[in-house]
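One is the number of the first residue; the rest follow in order along the sequence. Owing to the predicted nature of the structure, the values given are computational and were not obtained by experimental measurement.
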Amino acid sequence: MTARMLTSGSVSCAAAIFATLALALPAFAEPTGATDRSTAITGVTGPSGVSGAARKRSSSKAKTAKLKTFSLRAEGAYRYKGRGYVLPRTNLVIRGRVETVLGAEVKIRILKNGKLIKSENVVLDSAGSTSKFRYSWRAGKEGRYAIKLELTDEQKLLAGAGKGTTVSVVRTNIRPGSRGVAVRLFQNRLRSLSYVAPLNGRFDAGTGRAFIAFRKVNGMSRRAAAGSSVARKLAAGTGGFRLRYPGAGRHIEVSTSKQIMVMADKGKVTRIYHVSTGKSSTPTIRGTYRVYRKDPTTNAKGMVKSSYFIRGYAIHGFKDVPIFGASHGCVRVPIPNASSIFRWVRMGTRVDTYF
């Protein structure tokens, strides 16, 4: 989950200043290379400008003074479509730096859904012409919060209007049938960790399978839901799968204990799937194998798009893929995922199966 930059006001040419407001948010790292944890994200800066009088003087080759830009930066925030997002009850640290502003303090104002909920003076730590401040605050429940720096009339003469940023708190109790930005954010975070999920803002069957896979990998209850535990891990950019054979190149790993299948290339996980392997009476064979035959059809046993890696053991789509081992030894994958998996697998692709 960064925060959007707001700039306002113009300043006199003789007293232009530069102000930076930094907001440290311990949630929602930038994905994929997003979510997913925390690279500082810098907002777009406001444009430099020249006053009307200065433009006139420039025509006579007089020296002009440019207004300096204002910028906002959020460290550790999750940025999605120009907005910042965090989880409920996230501890926030608001940091700022103000140059050449008079006085010993500035005022922080926090609004929720447009209504002022907190206003507090913050003491400035001044050194020369630069003043810094640090302010701690805990976000509340779901809603959109605006954090603003408000200056006195005297300060505004030097710095212009107060600067601010916004952050939205999203709910975590999403479940099948849910819609909206919270669902899309979680989908985006799952995808950043290589779980196969749609990005449509709807908690559909594909989203449910991705949450089941995430829960399997992380030793949680195997159900199609989010919840606070899942949300915290996704917000932190954690909960991905660690390869057992990172040096194996382009290959597949199947964990029978987690009931997970992972595709990897160049030491990185590219896809994570919820699967069902062999039941206790007919377990999936363990070891390192190579795909030796591919069948693009659906056979008499209902196996869809099968990739055989030893004897009759295959990775294939099937109508029933429970959260536990239920097959006769094959690796069952959900039918909606079968075609893309079949296309990814090549003749000779390495398959590692282990507990």
Side-chain angles (χ1 to χ4, degrees), residues 1-4 23-39 41 74-93 112-113 136-145 147 165-242 258 260 269 272-274 323:
M1 330 179 151
T2 65
R4 186 177 59 186
L23 170 62
L25 309 177
F28 288 118
E30 187 69 17
T32 314
T35 75
D36 187 325
R37 157 186 193 250
S38 288
T39 336
I41 306 166
E75 300 174 0
Y78 176 70
R79 184 183 178 90
Y80 184 73
K81 291 191 174 180
R83 293 184 179 180
Y85 295 90
V86 295
L87 297 179
R89 294 176 291 280
T90 298
N91 291 318
L92 308 179
V93 177
K112 179 182 179 182
N113 300 329
S136 298
W137 170 67
R138 190 176 189 182
K141 296 181 180 180
E142 181 183 0
R144 188 179 184 190
Y145 295 80
I147 302 102
T165 187
T166 61
V167 61
S168 293
V169 177
V170 297
R171 60 193 178 97
T172 62
N173 60 335
I174 61 173
R175 52 180 55 88
S178 298
R179 293 172 175 264
V181 67
V183 177
R184 189 178 289 270
L185 288 169
F186 282 113
Q187 289 174 332
N188 207 21
R189 298 304 297 138
L190 287 165
R191 287 163 65 104
S192 74
L193 293 168
S194 298
Y195 292 92
V196 178
L199 189 58
N200 54 18
R202 301 191 304 272
F203 198 131
D204 53 14
T207 303
R209 290 192 295 271
F211 274 119
I212 290 173
F214 183 90
R215 286 176 166 274
K216 283 182 171 184
V217 168
N218 290 279
M220 300 176 174
S221 60
R222 299 177 178 184
R223 56 193 179 93
S228 59
S229 297
V230 171
R232 282 193 296 270
K233 282 186 172 292
L234 289 174
T238 61
F241 186 89
R242 179 174 293 182
K258 294 183 180 295
I260 284 293
V269 173
I272 305 173
Y273 292 97
H274 145 65
I323 58 176

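Atoms NZ and NZ, from Lys141 and Lys112 in turn, are 7.5 Å apart once rounded to the nearest 0.5 Å. With values rounded to the nearest 0.5 angstrom, Lys216 atom NZ is found 11.0 Å from Lys258 atom NZ.
For the pair Tyr145 and Trp137, the minimum side-chain heavy-atom distance is below 4.5 Å. Ser168 is listed as a side-chain neighbour of Arg144, based on a closest heavy-atom distance under 4.5 Å.
Of all the heavy atoms in Phe186 and Arg171, the pair that sits closest is CE1-O, 3.6 Å. When every heavy atom of Ile272 is checked against every heavy atom of Val217, the shortest pair comes out as CG2-CG2, 4.3 Å. For the residue pair Val169 and Ala139, the shortest heavy atom distance occurs at CG2-CB, 3.8 Å.
Qualifying side-chain contact (heavy atoms from CB on, under 4.5 Å) partners for Arg242, counting only residues two or more places apart in sequence or in other chains: none. Under the rule for a side chain to side chain donor-acceptor pair (under 3.5 Å), the partners of Tyr273 that lie at least two apart in sequence or sit in another chain are Arg271. A search for side chain to side chain donor-acceptor pair (under 3.5 Å) contacts involving Ser221 returns Arg215, Arg223, not counting sequence neighbours.
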Taking distance alone, no hydrogens or angles, what donor-acceptor pairs closer than 3.5 Å link side-chain atoms of residues 172-183 to residues at least two apart or in another chain?
from, atom 1, to, atom 2, distance (Å)
Arg175, NH1, Asn173, O, 3.3
Ser178, OG, Arg175, N, 3.0
Ser178, OG, Arg175, O, 2.9

Taking distance alone, no hydrogens or angles, what donor-acceptor pairs closer than 3.5 Å link side-chain atoms of residues 197-213 to residues at least two apart or in another chain?
from, atom 1, to, atom 2, distance (Å)
Asn200, OD1, Gln187, NE2, 2.9
Asn200, OD1, Arg202, N, 2.9
Asn200, ND2, Asp204, OD2, 2.9
Asp204, OD1, Gly206, N, 3.4
Asp204, OD1, Thr207, N, 3.0
Asp204, OD1, Thr207, OG1, 2.8
Thr207, OG1, Gln187, NE2, 2.8
Thr207, OG1, Arg202, O, 3.2

Solution key, residues 229-241 side-chain donor-acceptor pairs under 3.5 Å, sequence neighbours excluded:
from, atom 1, to, atom 2, distance (Å)
Thr238, OG1, Lys233, O, 3.2

